[in-house]
Amino acid sequence: MKRKREGKEGMDNIVWQTPANPPHPNDYVFRNGIRYVRPYYFEFIAHVKNRWAGKTIVDLFAEEFKGRPYEYYVSAVKCGRIQVDGEMVPVSYIVKSSQKISHFLHRHEPPVMACEVPVLQKDIDVLTVCKPASVPVHPCGQYRKNTVVGILQAEHGLTPLFPVHRLDRLVSGLLILARNAAKADIFRQQIEAGLVHKQYIAKVIVDANIDYNAREGRSTAEVRGSAKGKAASTKFTRISTNGTQSIVLCEPITGRTHQIRVHLQYSGHPIANDMLYISEQTVDRSVKGLSADRSARISDVSLTSNFNEKVLNECEENSNGDFGIDPMCTNCPNLAPKGYDSDEEGLWLHCIRYSGPGWTYECPYPDWAKLG
C-alpha cells in the first residue's frame with residue numbers, strides 16, 4: 001500500500017511505496033538500450049536483531065549499512081527518514097531487540113539491459129519465459145521492479161509467480177515459473193529428488209568440488225575428496241567449434257552456486273566473456289563495475305561529509321524531467337545508483353531445456369551460439 005507521512009520535516013506530501021505496491025509500465029525509463037527504473041520513495045522495514053540491540057540508531061545503520069556516509073544517517077534520523085516503531089527518535093536512541101525500524105528512502109534501482117521478457121508457454125499452472133541476461137529473476141538486494149517477476153507483472157499483468165529454479169542475473173534462457181504455490185511445491189519436490197534434467201549451452205567432463213566465497217562473490221574449484229566445499233558434478237559435450245571458441249552442452253548433475261562457470265574454468269575452458277572466472281585479477285574490479293556479479297551487492301559509494309550541499313547544487317544544475325529530485329538522496333540527480341556499470345553484457349551461458357516426470361520445457365538458442 002502507499003502511505004502518506006505528514007507532519008515531519010522533509011516527509012510532507014510524500015507517497016511512500018512498500019513491497020505491496022505492484023510495478024507499472026510507466027515505472028521504467030529506456031535509454032540507449034538500457035532499462036532504468038524511475039526512482040521512487042520506498043519504506044524499508046527491518047526488525048532489530050539481537051546483535052544490533054544496545055547500539056544507537058545511527059551507529060547501527062553506519063555499521064550495518066555502509067553504503068552511505070555517517071552524516072546521512074544522522075540527518076535521516078533527525079528528519080524522520082529513519083524511525084523506530086513508527087516514531088521519530090533522537091540520534092542517541094538505543095535500540096532494543098525486535099523493535100521495528102523503518103528507513104524511508106528515495107530508491108534508485110540498478111539498470112539492466114532493455115530486453116523484453118518473451119513468454120514461451122502460458123498454461124493454467126505454469127509460465128515459461130526466455131529470461132534476458134542482466135535481469136535478476138526476483139526482488140533481491142537493490143532490485144525490485146527491474147526483475148523478471150516485476151517486469152512480467154508490470155507489462156503482462158502476470159501475478160502471482162513462483163520461480164521454480166535459479167538463473168544467475170547474467171545468465172539468459174529458460175525460466176520456469178509456477179502460477180500457484182501448490183505447483184511450485186511439486187516442482188520443488190521433483191528437483192530435490194533429482195528427477196529434473198537441466199541443460200544449458202556455453203563450453204567440456206568436469207568433476208570437482210565447489211566452495212562459494214560469499215564475500216568475494218565467486219566460487220573456486222577443488223579436487224574431489226577435499227574436505228572443503230560441496231560435491232558437485234557437471235557433464236559437458238561439445239556441440240560445435242570454430243577452432244577458437246566452442247559451443248558446449250552443459251548438464252549439471254548437482255546445483256551449486258556458479259557450478260557450470262567454475263567447472264568450465266577448472267577444465268581449462270572458461271566462458272569466453274566471464275570476467276569473474278576468466279582471470280584471477282578480478283578481486284578489486286567491482287568498484288569500477290567490471291565484476292558484474294559483485295555489482296549486485298555494491299551499495300552507493302561513500303560521499304564526503306558535505307553531501308547535502310553537493311547534492312542540492314547538482315539538483316539545481318541537473319534537474320531531470322524523468323523523476324523528482326530528492327535533496328536527501330545520495331544518488332540524485334543520477335537515474336541509476338552509484339557504483340553500477342550500465343555497459344555490462346550478459347554471460348555466454350544460456351538455459352535451453354528443463355525436463356522432469358512427464359514434462360519438458362525448452363527455450364530457443366541465442367544468437368551468440370552460432371559460430372561463424
Side-chain angles (χ1 to χ4, degrees), residues 1-11 14-21 39-110 136 138-145 147 169 212-218 257 286-287 293-308 311 326-332 337-340:
M1 57 182 287
K2 295 185 177 182
R3 301 168 57 187
K4 281 193 176 182
R5 316 287 293 196
E6 298 183 354
K8 297 181 176 66
E9 181 184 352
M11 304 280 283
I14 295 178
V15 178
W16 300 97
Q17 296 188 28
T18 72
N21 294 108
Y40 55 98
Y41 289 100
F42 188 79
E43 179 183 2
F44 284 95
I45 297 175
H47 290 84
V48 177
K49 303 176 182 179
N50 289 334
R51 65 182 177 85
W52 295 355
K55 295 181 179 181
T56 68
I57 185 68
V58 173
D59 286 345
L60 186 161
F61 272 87
E63 294 172 11
E64 298 292 335
F65 307 97
K66 300 180 184 295
R68 290 176 171 78
Y70 188 90
E71 291 77 10
Y72 165 82
Y73 292 123
V74 171
S75 298
V77 171
K78 286 182 176 179
C79 74
R81 291 284 183 101
I82 293 177
Q83 299 179 17
V84 179
D85 289 334
E87 301 293 335
M88 292 181 63
V89 296
V91 294
S92 59
Y93 182 84
I94 305 295
V95 301
K96 305 176 184 65
S97 181
S98 299
Q99 284 184 307
K100 173 189 171 183
I101 297 178
S102 295
H103 186 190
F104 299 92
L105 191 68
H106 195 232
R107 186 167 182 172
H108 292 239
E109 293 195 29
H138 52 73
C140 57
Q142 294 195 56
Y143 297 90
R144 188 171 81 91
K145 299 180 181 183
T147 61
R169 187 176 65 85
Y212 181 67
N213 186 318
R215 181 177 296 277
E216 291 186 3
R218 70 198 304 263
T257 302
S286 59
V287 174
D293 293 85
R294 295 190 67 194
S295 69
R297 294 187 301 281
I298 296 178
S299 299
D300 310 323
V301 294
S302 295
L303 304 178
T304 57
S305 59
N306 64 340
F307 78 96
N308 272 323
V311 169
D326 177 46
M328 277 289 296
C329 180
T330 58
N331 287 307
C332 282
K338 297 175 177 65
Y340 285 85

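Excluded from the calculations below are hydrogen atoms, water molecules and symmetry mates; all remaining heavy atoms, backbone and side chain alike, are included.
- Atom CG of residue Asp326 and atom CD1 of residue Ile14 lie 6.0 Å apart, to the nearest 0.5 angstrom.
- Looking at heavy atoms from C-beta onward, Lys100 lies in side-chain contact with Ile45 at the 4.5 angstrom threshold.
- Within the 3.5 Å criterion, the main-chain N or O of Arg107 finds no donor-acceptor partner in the side chain of Asn331.
- Smallest separation of non-hydrogen atoms from Pro69 and Thr330: CD-CG2, 4.4 Å.
- Residues Gln83 and Glu43 form no side-chain contact, since every pair of their non-hydrogen atoms from C-beta on lies 4.5 Å or further apart.
- The CD atom of Gln142 lies 13.0 Å from the CZ atom of Arg144; values are rounded to the nearest 0.5 Å.
- Ring geometry for Phe61 versus Tyr73: interplanar angle of 30 to 60°, hence tilted.
- Here the closest non-hydrogen pair linking Cys332 and Lys338 is O-NZ, 4.4 Å.
- Between Phe65 and His103, the ring center distance fails the sub-6.0 Å criterion.
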> Going through the distances and angles, do Val58 and Tyr70 end up as a side chain to side chain contact (heavy atoms under 4.5 Å, CB included)?
Replying inline: CA-CA 8 Å; Val58 173; Tyr70 188 90; 3.4 Å; yes
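- A 4.5 Å side-chain heavy-atom check between Val95 and Val89 finds every atom pair outside the cut-off.
- Shown here for Gly80 and Phe104, the closest heavy-atom pair between the two residues is O-CD1, 3.8 Å.
- To the nearest 0.5 angstrom, Ile82 atom CD1 is 12.0 Å from Phe44 atom CZ.
- Within the 4.5 Å cutoff, the side chain of His138 has no heavy atoms near those of the Tyr143 side chain.
- A salt bridge links Lys55 with Glu63: the distance from a Lys NZ or Arg NE/NH1/NH2 to an Asp or Glu carboxylate oxygen falls below 4.0 Å.
- Residue His106 comes nearest to Pro39 through the heavy atom pair CE1-CB, 3.6 Å, listed as atom of the first residue, atom of the second, then distance.
- Taking CH2 from Trp16 and CG from Leu105, the interatomic distance works out to 7.5 Å, rounded to the nearest 0.5 Å.
- If you take CG on Asn50 and NZ on Lys96, they are separated by 14.0 Å, rounding to the nearest 0.5 Å.
- To the nearest 0.5 Å, atoms CD (Glu87) and OG (Ser102) are separated by 10.5 Å.
- For the pair Ser98/His47, no side-chain contact is recorded, criterion being any heavy-atom separation below 4.5 Å from C-beta on.
- Side chains of Tyr93 and Gln99: a donor-acceptor N/O pair is present below 3.5 angstrom, by distance only.
- Of all heavy-atom pairs spanning Trp52 and Ala46, the tightest one is CZ3-CB, 4.5 Å.
- Closest non-hydrogen pair, Ser97 versus Ala53, comes out as N-CB, 3.8 Å.
- At distances below 3.5 Å, not a single donor-acceptor pair connects side-chain atoms of Gln17 with backbone N or O atoms of Tyr40.
- Residues Val91 and Thr56 form no side-chain contact, since every pair of their non-hydrogen atoms from C-beta on lies 4.5 Å or further apart.
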